[in-house]
**Student:** 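One structure is given below, represented as structure tokens, and several questions about it will come after.
Predicted model, so just to flag it, every value in this text is computed and none were measured.
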Amino acid sequence: MPAALQREVRSLAARGVFSGRLGQTAAVPTLGLMPGYQAVLLCGLGEAARSEGTDAWRDAGVYAVRAAHGQGLVRLAVPLPRAGRAVCRRRTQALAEGLWLGAYRMPSYARGSGAPQPPALREAVLLAGTAEQDAPGGLEPALRAARAKALAVYAARDLTNLPGNYLVPDTLAGVAQGLAARYGLECTVLDERAIEEHGMGGLAGVGAGSANPPRMVAVRVRGTAGGGEVLGLVGKGITFDTGGISLKKPEGMEEMISDMGGAAVLLGLLHVLGTQPPRDDVVIVIPCAENMPSGTAFKPGDILTVMNGQTIEVLNTDAEGRVVLADGVLYAKQLGATRLIDVATLTGSVLMSFADVATGAVANNEGLLGEVLSAAQRAGEKVWPLPNYPEYHEMLRSSVADIKNAPSKDRWAGCITAGLFIGYFAGETPWVHLDTGGTAWLWSPRGTEPVGGTGVMVRTLAEYIYPEA
């Protein structure tokens, strides 16, 4: 960098304009001193830059792209972090992830002649500065992993952001079929008749009120180990949730296009699984339905029978996600799952505990929970565990069925009991539930996350499946 620009950068620091804290950016025009470059873009890393962690580098990538958009820049040249080989690889992967994620934009359906969209970043060139970085293949695996994870998040965000009239259960199933065909995976879709034949009364009941009938989707990814271990991933696929007969308030109901956020995460993850076979088999199961009020809708007081013959007392039709996930978990077990992780925009009550900052976790197996939490930490996604005490199970006891889908009118411990409802059907199979009811959708950008669908938990699950990637 020319001496004049270095002096200007030092001046920004001396004047307190740029302190280097994480998330802070500043642009210094080159004024022709660096031919081919319009500006030097400064992006703070904060104190975390001194540690071997990667979160700051990922976040800095996001903030750098946002700053580039704000400056109308379409191309970035980014020097790679300097460190030992292993640390450099991890930081480079995180930085590349951040650059990709920061470039995401929500699709627009505007067709008029309104104001033109500002230019978007088209290219980011990573500048290697050491022999280790320049070594053939040295950083290529890290960059491939970053790209795969980021594009999987893109896919999940795009699906989550689709309007409810664009995405109904059958079209969501079609997305899964298309991805399976693209990557040569096995895919099964059960229509409403097959759902009834399989005894999936939970899914059939929730979907009964809609003109768009339910679907049950299963995609199998064959692992390289060839052993008996099968990871079952189950995602809630409610393409729109009115609350059914227990109707939601109108304000904010448009957000309910995101109630298939769990399904979106797993379909996004297929972009990773399809290009890099996992060690163990993975079975992805997605129960898809619309929860609508009508003369055929399920009602409070109904008794539904799920595919293992157990019964559910329905006390609240707006607690429908856990009901379809009961059949989803049971179907995954039938398909051979030896451990289970479900992802769902399950409750609003998780916001009372964590706001829109962290995903809540409930589990029946400490070992599996610890592995998921460790994966989330590596991925830079915030997950916090909730207790699994016998007293919470008692709150789901029904006097007329095996279990009830809502604990009480006061809704105490709502996100815990909702998760444990699903765990009831997981039984003895090791299981973790991830409640993204507060994190899958944002009304405004927060930190590094965009407005709308976030694709949260894609990176965590990818880290869990590929811990060394």
Side-chain angles (χ1 to χ4, degrees), residues 19-26 43-49 53-70 94-95 97-108 118 120-121 149-150 152-162 251-262 264-265 268 343-361 373 375-384 386 415 434-463:
S19 65
R21 63 175 171 78
L22 183 62
Q24 189 178 32
T25 59
C43 190
L45 286 164
E47 293 298 321
T54 59
D55 288 355
W57 296 89
R58 185 184 298 105
D59 293 352
V62 174
Y63 292 127
V65 173
R66 288 183 184 171
H69 285 165
L95 176 62
E97 277 182 28
L99 293 169
W100 276 98
L101 296 173
Y104 178 81
R105 287 186 172 183
M106 183 187 292
S108 171
L121 186 71
K149 290 177 185 177
V153 174
Y154 269 43
R157 288 175 177 176
D158 281 346
L159 278 173
T160 306
N161 289 329
L162 278 175
E251 296 81 9
M253 196 190 291
E254 65 272 19
E255 181 194 342
M256 288 300 103
I257 63 172
S258 70
D259 212 20
M260 38 60 68
V265 164
V343 188
T345 51
L346 200 67
T347 68
S349 60
V350 72
L351 285 159
M352 301 299 104
S353 299
F354 303 133
D356 59 2
V357 173
T359 294
L373 294 177
Q377 186 175 33
R378 296 194 305 273
E381 295 187 313
K382 297 177 175 65
V383 180
W384 198 258
L386 295 160
C415 55
L434 298 170
D435 189 340
T436 60
T439 53
W441 174 278
L442 296 176
W443 285 104
S444 58
R446 181 187 45 73
T448 60
E449 300 292 353
V451 65
T454 64
V456 69
M457 291 298 105
V458 168
R459 301 200 317 268
T460 291
L461 291 176
E463 281 287 343

**Student:** How long is the gap from CG on Leu121 to NE2 on His69, to the nearest 0.5 Å?
**Tutor:** 5.0 Å

**Student:** Would you compute the distance between atom CG of Leu461 and atom NZ of Lys149 and round it to the nearest 0.5 angstrom?
**Tutor:** 11.0 Å

**Student:** Any sub-3.5 Å donor-acceptor pair from Arg66's side-chain atoms to Thr448's backbone N or O?
**Tutor:**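 Indeed, once roles are kept as given, a pair shorter than 3.5 Å links the two residues.
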
**Student:** Check whether the side chains of Asp356 and Thr439 place a donor and an acceptor atom closer than 3.5 Å, and report yes or no.
**Tutor:**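 On atom types as modelled, these side chains do not qualify, holding no pair under 3.5 Å.
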
**Student:** Check whether Ser349 reaches the backbone of Cys415 with its side chain - one donor and one acceptor, N or O, closer than 3.5 Å.
**Tutor:**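 Yes; judged by distance alone, with no hydrogens or angles, the pair exists.
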
**Student:** Looking only at side-chain N and O atoms, does Ser258 offer a donor or acceptor that is under 3.5 Å from a partner on Thr160?
**Tutor:**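 Short answer, no.
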
**Student:** Which residues pass the ring pair (Phe, Tyr, Trp, His ring centres under 6.0 Å) test with Tyr63, not counting sequence neighbours?
**Tutor:**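 Scan of Tyr63 (ring pair (Phe, Tyr, Trp, His ring centres under 6.0 Å), adjacent residues dropped) gives none.
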
**Student:** Kindly check if the number of other-residue, nucleotide or ligand heavy atoms within 6.0 Å of CD (Gln24) is above 12?
**Tutor:** yes

**Student:** Side chain of Asp435, backbone of Leu346: donor and acceptor closer than 3.5 Å?
**Tutor:**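 Looks like yes, one N/O pair under 3.5 Å.
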
**Student:** Please give me the minimum heavy-atom distance between Val458 and Ala156, naming the atom from each residue.
**Tutor:** CG2-CB, 3.9 Å

**Student:** Any non-hydrogen side-chain atom of Thr436 less than 4.5 Å from a side-chain atom of Val343?
**Tutor:** yes

**Student:** Check the pair Thr359, Met457 against side-chain contact (heavy atoms from CB on, under 4.5 Å), reporting the backbone distance first and the verdict last.
**Tutor:** CA-CA 9 Å; Thr359 294; Met457 291 298 105; 3.9 Å; yes

**Student:** Does Ala379 offer a backbone N or O that forms a donor-acceptor pair with the side chain of Glu463 under 3.5 Å?
**Tutor:**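 No, Glu463 side chain to Ala379 backbone: no donor-acceptor pair under 3.5 Å.
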
**Student:** Between Glu449 and Arg157 (salt bridge meaning N to carboxylate O under 4.0 Å), is one present in this structure?
**Tutor:**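 So Glu449 pairs with Arg157 through a salt bridge.
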
**Student:** Examine distances only and state if a side-chain atom of Asn161 and a backbone atom of Gly453 form a donor-acceptor pair shorter than 3.5 Å.
**Tutor:**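 Yes, the answer is positive, given that a donor and an acceptor are paired below the 3.5 Å cut-off.
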
**Student:** Less than 4.5 Å apart, side chain to side chain, heavy atoms only: is that true for Leu386 and Phe354?
**Tutor:** yes

**Student:** Less than 4.0 angstrom from a charged side-chain N to a carboxylate O is my criterion; do Glu97 and Arg459 meet it?
**Tutor:** yes

**Student:** Do Thr345 side-chain atoms and Asp259 backbone N/O form a donor-acceptor pair below 3.5 Å?
**Tutor:** yes

**Student:** Go through it in stages, so that I can follow the logic: the residues are Arg21 and Glu47, the test is salt bridge (charged side-chain N to carboxylate O under 4.0 Å, His left out), and I'd like the CA-CA distance, side-chain angles, deciding distance and then a yes or no.
**Tutor:** CA-CA 7 Å; Arg21 63 175 171 78; Glu47 293 298 321; over 6 Å; no

